[in-house]
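Each remark here refers to the structure printed beneath this line.
Every chain is numbered from 1, with letters handed out A, B, ... down the list of sequences.
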Protein chains: 2
Amino acid sequence: MAPNELYQYSVLSALMSGAATSGISLSQILSYGNHGLGTFQRLEGEMIVLDGSAYQMKSDGSVIPNLERDHGEQIIPFAMITSFQPSVTETITFDSKQDLADKISALLPKTQNHFLAFRIDGEFSQVSVRTVGGQLSPHEKLIDVGKRQATHTFESIRGSIIGFRSPAYFQGISVAGDHMHLISEDRKFGGHLQACSATERVTLGAATIHRFDLQLPEDGDFRDVDLAVDNEGIQSVEG
Amino acid sequence: MAPNELYQYSVLSALMSGAATSGISLSQILSYGNHGLGTFQRLEGEMIVLDGSAYQMKSDGSVIPNLERDHGEQIIPFAMITSFQPSVTETITFDSKQDLADKISALLPKTQNHFLAFRIDGEFSQVSVRTVGGQLSPHEKLIDVGKRQATHTFESIRGSIIGFRSPAYFQGISVAGDHMHLISEDRKFGGHLQACSATERVTLGAATIHRFDLQLPEDGDFRDVDLAVDNEGIQSVEG
């Protein structure tokens, strides 16, 4: 795919409803880009793809690096990935996720009907991440899995954030608004970004996405699942 | 694109909100498939693509054929198109759009979370089609343009129906449910299908779509438009 075209496997509502057993291989996902996020079979942790390398960030706090080398066959039930090529780069500070969102909007104005891809590198003053710890049963819903999620908080941590912004009218297919995963520079910690601030300047790169390529699973789980949008549920686990 | 992958240009809510001035060329649209439907700049009629040929069906009842030959540069603000390869074919009768929908569902069960492409050829006992007649002002909403639509009714007419079924969770991006355009065998009449029945057997071919490739416009109109889903409006003009 061309730079800044977004490939997505499955839809968020399927994951919300617990369809996380089947998927496609990590190798296939990585063939669509070098910048991405997602999750693993049975919701066992958070995925981040950074410069083409994939990491599994688990709820016990461990990180499995360079999955593309030895774990390319791993099943991915949901992912978003692009060949990221920032059209704008800026150094910024921010005191909250909302402040960060506002700064991204200022950098790429009038993009509320498009997707954005972005990346932030540097030292973050405060970071709170969560990681899901896997389903206890095959169709356990993400909102229930999320109740057992582990939250970790860090101060003065260097790392990278990979993010996608989806337009409001894509809620349920994707996560409307900003969806971000973080990994530390030493690749030892990370997860789904819940809160973040940066008092020192960090580097933000971002690009608008005009093409969205969605692959819908063909398996029985996806066929059966109820895909009615659960706004509140998405807010509580992906917000 | 591979067979039965769906390419869509823009989103239905943009059209509903009157963003119909800009788009991409018909030639570009036709590079993505041979089976499609859509509309024209300023909502001037209904588009159908049948076996790779595009037709403009206008509200005065006229049809401009083979647009790909001399009108490839025409601006298309919204279209859905695929390289159609039916996975199932059946001869059926049906006494209403709902009955037709039920028969398609029976032919491709458990596909409510996927898109479908289908085509019906033969003699229809009764057909009612409408054609939109164009915007009176640049951003006139589809619901208002629709109030001036021309409706034509035919009996015992031979022709072809090109259709797409979109899953409920795609409402606003596409038309949830069945969206069909018809053209007569002599290519003299056609439009957006409002009602239809077939007491003699007609041929139905259909296929499930697992891949959805969405191109979002980059122009100012699309950037500014409000894309909140208008369920009632979509029902009234696309139902």
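Interface remark: of the candidates B:T208, B:L216, B:I209, B:L216 forms the most heavy-atom pairs closer than 4.5 Å to chain A.
How far CG of B:D213 is from CZ of A:R211: 4.0 Å, rounded to the nearest 0.5 Å. Remark: B:Q215 CD to A:F212 CZ distance equals 13.0 Å, nearest 0.5 Å. Of the inter-residue distances, the one linking B:Y169 atom OH with A:F170 atom CZ reads 10.5 Å to the nearest 0.5 angstrom. A:D224 contributes atom CG, which lies 7.5 Å from atom CD of B:Q112 (distance to the nearest 0.5 angstrom). One finds the CG atom of B:N113 at 13.0 Å from the CD atom of A:E218 (value rounded to the nearest 0.5 Å).
Contacts of residues 92-111 of chain B with chain A at a heavy-atom distance below 4.5 Å involve B:P109, B:K110, B:T111, listed in sequence order. When the heavy atoms of residues 1-23 of chain B are compared with those of chain A, the residues falling under 4.5 Å are B:Y7, B:V11, listed by number.
For B:P167, no part lies under 4.5 angstrom from a heavy atom of chain A. Residue contact with chain A, scored on non-hydrogen atoms closer than 4.5 Å, involves the side chain of B:I173 exclusively.
Counting non-hydrogen atoms of other residues, nucleotides and ligands closer than 6.0 Å to CD of A:E73 gives a total above 12.
B:H114 places a side-chain N or O within donor-acceptor distance of the main-chain N or O of A:P217, the cut-off being under 3.5 Å.
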